[in-house]
Amino acid sequence: MQAKTDHPDTTLNQPAQQDAAYWSGVFAMSLCIFALIASEFMPVSLLTPIASSFGVSEGMVGQGIAISGAFAVLTSLFIPVIAGELDRKFLLLGMTALMGISGAVIALSANYFTYMLGRILIGVVVGGFWSMSAAAAMRLVPAHKVPRALAIFNGGNALAMIIAAPLGAYLGAVMGWRGAFFCLVPLSIVTFVWQWRSLPLMPVTPSASKGNPALQVVGLLARRYVLIGSLAVGTFFMGQFTLYTYVRPFLENALAADVQTVSSVLLVIGIAGFVGTSLVNRVLSISVNKTLIVIPILMAVIALLIVSLQSALLPVAILLALWGFIATAAPVGWWAWLTNNLPNDAEAGGGLMVAVIQLSIALGSTLGGLLFDTKGYAVTFVASAGLLFVAALLARASAKYSQA
């Protein structure tokens with residue numbers, strides 16, 4: 001069944017003129033996305049020392065990812081209303097500055113409450129920056145170059161997934177977890193300066209400033225294929241982060257891995273994810289829908305195999321590498337689904353996608369933390385597998401209405 005598009009495209013910014021291209025701005029935004037993703041998921045590699053510092057459990061520290069996801073959801077839905085007529089260049093710069101402030105707040109936090117406040121700030125940046133990324137790409141390069149610009153943005157994302165976790169674990173061992181977070185501050189400053197010099201002015205068009213974004217999202221969800229697809233992508237990310245958030249305490253508690261081993265395993269996961277992201281387009285060119293069905297099935301099987309192997313470090317490390325290879329490539333598939341099914345509602349669809357993903361990350365890390373603290377890693381990983389199987393079923397259902 002062919003998907004229909006009922007609403008006109010109302011992006012925050014109109015497409016770039018055919019002869020305009022700001023590639024330096026594209027790469028500056030890619031660097032910002034790298035720093036942003038590194039900031040968002042830094043706690044994954046530092047749960048144990050942060051928990052020890054504040055005298056709380058790893059599960060409670062993991063809620064820092066949940067709360068950032070929750071505020072990312074709110075920001076992604078309402079940033080156009082909050083920002084009003086502000087030129088989007090200055091809005092992006094403000095988000096970049098807030099990212100640096102978040103790193104400083106966390107690094108200097110005296111207690112768990114202040115740590116969570118810093119996580120709230122990074123959640124606001126995640127929701128605001130990502131929800132504007134597609135519209136910004138349309139202003140920075142000609143229309144036929146937008147996919148390439150988005151690919152460069154995602155390159156920053158993939159690189160962060162490689163480096164953030166192992167580098168965070170290493171820096172945490174060398175200079176403490178506070179020093180690891182503080183390293184994000186100068187990176188944010190460099191990114192801010194580069195964007196200031198390279199991004200053009202991006203004034204808001206009159207049509208973009210009208211309408212309630214929350215109502216636009218509700219309008220999209222009224223379409224069956226969008227609703228089912230949103231449930232599928234949400235369940236997928238919830239299942240992924242129920243497990244992934246607690247990889248470090250699993251390795252340390254269940255496998256008695258030291259910091260160096262943890263860093264090495266996280267690095268392998270990241271490298272495998274980068275390779276998977278580089279290769280996934282070949283699979284997507286065959287079938288987007290089949291890819292989105294197979295990916296969660298494979299991840300669920302991997303989660304169950306990890307539980308069955310228990311204390312075998314090398315096989316578990318290999319399975320986690322396979323997990324990274326598959327999981328990191330999955331978002332590319334879902335963004336491809338979005339562009340295929342909502343070509344005339346890219347901005348509203350992008351905001352919806354960001355909201356769903358961040359809400360699901362929040363729910364997944366929360367569920368994983370509760371299960372990890374009360375039931376142990378085995379139940380946590382089995383729950384992750386169950387959610388991923390459900391995601392595969394929902395992806396199959398969405399394929400009936402998709403034109404991908």
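- No side-chain heavy atom of T261 sits under 4.5 Å from any side-chain heavy atom of L251.
- The shortest heavy-atom contact between Q195 and C32 is OE1-CB, 3.8 Å.
- The heavy-atom pair separating G128 from M95 by the smallest distance is CA-CE, 4.0 Å.
- Ring orientation note: the planes of Y244 and F241 are nearly perpendicular, at an angle over 60° on the 30°/60° scale.
- Residue-environment remark: OH (Y112) exceeds the threshold of 12 foreign heavy atoms within 6.0 Å.
- Below 30°, between 30° and 60°, or above 60°: for W177 and F54 the angle between ring planes is above 60°, a perpendicular geometry.
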Chi angles and distances behind the side chain to side chain contact (heavy atoms under 4.5 Å, CB included) call for M29, L199
CA-CA 9 Å; M29 287 193 62; L199 292 178; 4.1 Å; yes
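- More than 12 heavy atoms of other residues, nucleotides or ligands sit less than 6.0 Å from atom CZ of F192.
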Any chance you could lay out the side chain to side chain contact (heavy atoms under 4.5 Å, CB included) test for V105 and F181, step after step, and finish with the verdict?
CA-CA 9 Å; V105 169; F181 275 101; over 6 Å; no
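- Residues K290 and S287 share a closest heavy-atom pair of N-OG, 3.1 Å.
- Of the N and O atoms on the side chains of T366 and Q63, at least one donor lies less than 3.5 Å from an acceptor on the other residue.
- Here the two rings, on F381 and Y377, have centers that are under 6.0 Å apart.
- Heavy-atom contacts from other residues, nucleotides or ligands closer than 6.0 Å to CH2 of W23 number more than 12.
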Chi angles and distances behind the side chain to side chain contact (heavy atoms under 4.5 Å, CB included) call for N289, W337
CA-CA 8 Å; N289 287 322; W337 179 91; 4.0 Å; yes
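- By the 4.5 Å heavy-atom criterion applied to side chains, I295 and F236 are counted as neighbours.
- Of the possible donor and acceptor atoms, none in the side chain of R224 sits under 3.5 Å from a partner among the backbone N and O of S398.
- Within the 4.5 Å cutoff, the side chain of V126 has no heavy atoms near those of the S68 side chain.
- Of all heavy-atom pairs spanning L371 and A383, the tightest one is CD1-CB, 3.6 Å.
- Looking at every heavy atom in both residues, I106 comes nearest to R178 through O-NH1, 4.0 Å.
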Full working for side chain to side chain contact (heavy atoms under 4.5 Å, CB included) between W334 and V356:
CA-CA 12 Å; W334 279 110; V356 169; over 6 Å; no
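- Nearest heavy-atom pair across E252 and A257 is CG-O, 3.7 Å.
- Under a 3.5 Å cut-off, the side chain of S360 and the backbone N or O of G234 do form a donor-acceptor pair.
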